[in-house]
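Below you'll find the structure, written out as structure tokens, and then a few comments.
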Amino acid sequence: MVSRVIPVEPFDLVVFGGTGDLAQRKILPALFRRFCGGQWPEDVLVLGAARKKLDDDGYRALVAGWLKEHAPDRSADCAALDRFLSRVGYVPVEAQGDEGWPELAARLSRDRVRAFYFSVGPRLFGALAERIEAHGMASDKTRIVVEKPFGHDLESARALNATLAGHFRERQIYRIDHYLGKETVQNLMAVRFGNMLFEPLWNSQYVDHIQITVAETVGVDGRESYYDRAGAMRDMVQNHLMQLLCLIAMEPPAKFDPDAVRDEKLKVIRALDPVLPHHIVRGQYVGVDGQPGYREVVGNPRSSTESYIALRAHISNWRWAGTPFYLRTGKRLVARSSVINVMFKDAPHSIFGADAGRHANVLSIRLQPNEGITLKVTIKEPGQGGMRLVDVPLDMSFAEALGPENQVSPDAYERLIMDVVRGNQTLFMRGDEVEAAWAWTDPIIAGWESSGDVPKPYDCGSTGPGDAELLMKRDGRNWQGIKP
Ligand code: NAP
């Protein structure tokens, strides 16, 4: 199967923070890949903007180096690289001052899609929005892309929403959660709403519980000061895991349209019960075999920030009443694995007798690595006398199933940036969604702060703190393994 490329209309894209880490590793490589993929018309303009004094050629030299490092497959094609770079430029700009703004405005084309990517610290978002408008760059076709973190609590998220709303309409604001750009995350919707097989069973009558795991092997190196203020709850749960929870739990939207999808996600967040303190386990990694632990890495010997969270959530609505959702995420764990396990109930009665064994069906949706789906079904154990039951996996790796042309899924940023250009907000968070997510997480964080909660230690390279296992065991359940 060959994927279809739908070309976009001509556009100008300004990357504020065009010299930063995200621009280097993600944004420019994603743009380059879409350019190589034939999705761009001829006359696109990409402008980097930051305080560093550079001219177009100086910036192009930097970009060429980043693309060689972060898109080595594509940048080996020198002609393509040169053609891409000819569309790239740079304007030195001070986000909080006057420098560079008239020059930036002069470079942009009239009457075409204009996207401003705010790849800078959140404290600059308001200043950028204000100056884009003040310098006459905000037209009906203007869009702004805002990176996470979108606030650090409900109050700051509300303030940020209000600031942006002072300059742009909601339909012009694209709040990125790159998880939503992952192919398999979009596949969650395709699997649920494109098949007849699953949706009739997708409720508390048939589903015992759901596990959402985002396990990372990396630590917090390089983001120490941000992370020590944020922790896993703000960095991962409030956004990525909540988004996965919404997509798994939401009602079918009437159509795949931005507000229809986001209305349904919002209803899920609003139906979440407050989490009881004994339904949460916080952890912090400690070093083993000479590796530094969390506190050494962040240089804060008394840090009580969590690098791991496991929690049990409940959605109080007709579909999910009584079905727990177990969420866990952590750093420096045994393996990198993002997976959603839908754990079905046992068959109500075994006609084969107690000795045959009983196995519940499990639908595992792997987001990374090796994106795909596995359905565990029960069959007769081959070759045995009598009737003994055994689980077998019906395993589908998307890369294998879809053929060699589709072995490499587009990076989430490729998809999302092209959606910005197309004006499609379906995979971006709406302001009220972000606020509702903070409204759910804020009391949990406040509870830790007021009680002086200290995270449980867990070893680097383990599956997390033992208490996370107990959280499940108390309910007579087990986590599905984090696969090494
Ligand atoms: P970074 O490496 O620190 O880059 C910041 C960029 O902003 C630089 O280009 C910097 O260049 C520019 N800048 C800083 N102050 C400025 C000012 N006053 N006026 C104009 N430009 C200014 O940060 P980053 O890691 O790329 O992150 C950017 C944003 O993305 C942050 O909000 C971050 O939370 C978010 N994010 C990053 C990642 C990631 O993997 N890096 C992942 C998710 C979200 P000059 O110093 O030359 O001005």
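Atoms within a ligand are numbered from 1 in the order they appear, just like the ligands themselves. These numbers come from a predicted model, not from an experiment.
Note: Trp66 and Tyr59 have perpendicular aromatic rings, judged against thresholds of 30 and 60 degrees for the angle between ring planes. Aromatic ring pairs are classed by plane angle as parallel below 30°, tilted from 30° to 60° and perpendicular above 60°; the pair Phe16 and Phe116 is parallel.
Checked against the 6.0 Å centroid criterion, the rings of Tyr458 and Tyr308 qualify as a close aromatic pair. Taking the six-membered ring for Trp and the full ring otherwise, Phe325 and His314 have centroids separated by 6.0 Å or more.
Taking a cut-off of under 4.0 Å to the non-hydrogen atoms of Arg25, the atoms of ligand 1 that pass are 39 (C), 40 (O), 41 (N). Here is the list of ligand 1 atoms found below 4.0 Å of a heavy atom in Val93: 19 (N), 20 (C). Less than 4.0 angstrom separates some heavy atom of Pro122 from each of these atoms of ligand 1: 32 (O). Short contacts between ligand 1 and Pro149, defined as distances under 4.0 Å to a heavy atom of the residue, involve ligand atoms 34 (O).
When side chains are defined from C-beta on, Leu31 counts as touching Phe84, because their heavy atoms get closer than 4.5 Å. Using a 4.5 Å heavy-atom threshold, the side chains of Leu416 and Phe428 count as touching. When side chains are defined from C-beta on, Lys331 counts as touching Tyr227, because their heavy atoms get closer than 4.5 Å. Within the 4.5 Å cutoff, the side chain of Asp257 has no heavy atoms near those of the Thr426 side chain. Under the 4.5 Å side-chain criterion, counting only non-hydrogen atoms from C-beta, Val220 is in contact with Tyr294. Ile309 places none of its side-chain heavy atoms less than 4.5 Å from the side chain of Leu327.
Annotation: Arg158, atom CZ; neighbour count of heavy atoms from other residues, nucleotides and ligands within 6.0 Å does not exceed 12.
Nearest non-hydrogen protein atom to atom 43 (C) of ligand 1 is Glu147 OE1, 3.7 Å. At the top of the distance list for atom 38 (C) of ligand 1, counting protein heavy atoms only, stands Leu22 CD1, 3.5 Å. When only non-hydrogen protein atoms are considered, atom 28 (C) of ligand 1 lies nearest to Ser119 O, 3.3 Å. Closest to atom 18 (N) of ligand 1 among all protein heavy atoms lies Glu94 OE2, 2.9 Å. Nearest protein heavy-atom neighbour of atom 4 (O) of ligand 1: Gly20 CA, 3.3 Å. Nearest protein heavy-atom contact of atom 35 (C) of ligand 1 is Lys148 O, 3.3 Å. Closest to atom 25 (O) of ligand 1, if we only count protein heavy atoms, is Asp21 CB, 3.5 Å. Lys52 N, 3.0 Å is the protein heavy atom nearest to atom 47 (O) of ligand 1.
For Leu124, every heavy-atom contact with ligand 1 shorter than 4.0 Å involves the side chain, none the backbone. Residue contacts with ligand 1 for His178 are absent, since no atom lies close enough (heavy atoms, distance under 4.0 Å).
Residues Tyr90 and Asp57 have side chains that never bring a donor and an acceptor to within less than 3.5 angstrom of each other. Lys456 and Gln284 share no side-chain donor-acceptor pair at under 3.5 Å.
An N or O contact shorter than 3.5 Å links Ala95 to ligand 1 by distance. Any N or O atom pair closer than 3.5 Å counts here, and Arg123 shares no such pair with ligand 1. Note: no N/O pair closer than 3.5 Å links Ala49 and ligand 1 by distance alone. Close N/O approach between Arg51 and ligand 1 is found [any backbone or side-chain N/O within under 3.5 Å]. For ligand 1, the polar-atom distance check against Ala23 finds no nitrogen or oxygen pair separated by under 3.5 Å.
In this structure, atom 21 (N) of ligand 1 is in close contact with the protein, since a protein heavy atom lies within 4.0 Å of it.
Not a single heavy atom of Lys26 sits less than 4.0 Å from an atom of ligand 1.
Of the candidates Val120, Val15, Thr19, it is Thr19 that places a heavy atom closest to atom 10 (C) of ligand 1.
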